[in-house]
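Values below: all heavy atoms of this structure, side chains included; hydrogens, waters and symmetry mates excluded. Just so we're on the same page: letters track the sequence lines, and every chain starts at 1.
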Protein chains: 2
Amino acid sequence: MSDPPPKRRLRMTRQRRVILEELKKLKAHPTADEVYEVVRERLPRISLSTVYRDLETLCEWGKVRLLEVGCAKKHFDYDTRDHYHVRCARCGRVENLPVEPFTYLEQAFRDLTDYEVTGHKLELIGICPECKRKEEEEKKSKEEAP
Amino acid sequence: MSDPPPKRRLRMTRQRRVILEELKKLKAHPTADEVYEVVRERLPRISLSTVYRDLETLCEWGKVRLLEVGCAKKHFDYDTRDHYHVRCARCGRVENLPVEPFTYLEQAFRDLTDYEVTGHKLELIGICPECKRKEEEEKKSKEEAP
DNA sequence: CTAGATGCAAATTCTTTGCGGTCAA
DNA sequence: TTGACCGCAAAGAATTTGCATCTAG
């Protein structure tokens, strides 16, 4: 479930550089295949498995962060600092919340569990502006022609 | 990503009853195939796909709750009330935290996002007692014979 | 009776792995 | 030069779906 730091000598390859650059550009928190789609425009011959492998390597390397959000797909983040997220319940999009994590929460919960607490995750769930707009359009069109 | 309530007439079948009963007995938050293994002792001919389908149906029905914890597998909970969880970073086990959710958190975050906030999830990450014990044993055996 | 549920097998989706050729350090 | 990496194809793991058959209401 968690891995020891890698011992091998890591290389900054072209594909890793591009993945990193594109991830930095994206404000969102893309999944592996979203990264693949973007990177492919610059490196048309890159394979999806390389994207998966490189994202994992960059995580071990501390250049990228794997988000364990509450949905099936893995999301990746260029910002490796601890921070909270909002996730859209409709489309799955994930965005940052501009606040410092509440470290006191972990302390507050320590007495409530026999786990050795090492961290916490806070995720807001909601509807993103785009999905909200779509929802309202659909509602309107239903009212007009039911 | 979320579904409207079902319109069809749902049936309390034998398999659904047993799934519900076994889920109630388990203190943990099992995955679909963990439910399958337990239920199979009482209904040897049940199929895994039925377990998946019934767990989903029972969720729609409000009898069971799907936990969207930060790991690949889906976990299910007999307790449908809002509550927080601790997850073991090693083995993935999920347990309840005996506190009332902090509803004020959502209010506090509303101004920080343009999402329409509908809920939040708080998850502690840690090492469960069993994994901690295993870890210490391993460390000890390494020291004895390196 | 009959809409809804089941069991089985096959299909999907996301992710990982094995391998021969390639490339950064 | 050479161990780490790449692309490709194939395998895996978790979950979903199609369909003929059963069954709760």
J.: Nearest 0.5 Å please: distance from the CG atom of B/Leu67 over to the CZ atom of B/Arg87.
T.: 11.0 Å
J.: Please work out if B/Ile46 contacts a base, only the sugar-phosphate, or nothing of the nucleic acid, heavy-atom cut-off 4.0 Å.
T.: sugar-phosphate
J.: From the options D/dG7, D/dT15, D/dC19, select the nucleotide whose nearest atom is closest to the side chain of A/Arg53.
T.: D/dG7
J.: Measure OH/B/Tyr52 against C1'/C/dT13 and give the value in whole Å, please.
T.: 12 Å
J.: Is there a donor N/O on one and an acceptor N/O on the other, under 3.5 Å, for the side chain of A/Ser49 and the base of D/dC6?
T.: no
J.: Knowing that exactly one of A/Arg11, A/Arg14, A/Arg16 qualifies, which makes a salt bridge (Lys or Arg N to Asp or Glu O under 4.0 Å) with A/Asp54?
T.: A/Arg16
J.: Please pick, from C/dA5, D/dC8, C/dG7, the nucleotide with the shortest atom-to-atom distance to any side-chain atom of B/Arg11.
T.: C/dA5
J.: Compare side-chain N and O positions of B/Lys74 against OP1 and OP2 of D/dT16 and report whether any pair is under 4.0 Å apart.
T.: yes
J.: Kindly say whether the aromatic ring centers of A/Tyr84 and A/His120 come within a distance under 6.0 Å.
T.: yes
J.: In whole angstroms, how far is the P atom of D/dT15 from the NZ atom of A/Lys73?
T.: 15 Å
J.: Below 4.0 angstrom from OP1 or OP2 of C/dA5, is there any side-chain N or O of B/Arg14?
T.: no
J.: Side-chain N or O of B/Thr50 less than 4.0 angstrom from OP1 or OP2 on C/dT6?
T.: no
J.: To the nearest Å, how far apart are B/Met12 CE and C/dA3 C1'?
T.: 17 Å
J.: When you get a sec, tell me which of D/dG25, C/dC8, C/dT6 is the closest nucleotide to the side chain of B/Arg45?
T.: C/dC8
J.: Any side-chain donor-acceptor pair under 3.5 Å between A/Asn96 and A/His29?
T.: yes
J.: Would one find a side-chain N or O of B/Thr57 under 4.0 angstrom from OP1 or OP2 of C/dA5?
T.: no
J.: Under 4.0 Å between a side-chain N/O of A/Gln15 and OP1 or OP2 of C/dC23, yes or no?
T.: no
J.: Does C/dA5 have OP1 or OP2 sitting under 4.0 Å from an N or O in the side chain of B/Arg16?
T.: yes
J.: Parallel, tilted or perpendicular: which fits the ring planes of A/His85 and A/His83, with parallel below 30° and perpendicular above 60°?
T.: perpendicular
J.: Within the 4.0 Å heavy-atom criterion, would you say A/Asp33 contacts the bases, only the backbone, or no part of the nucleic acid?
T.: nothing
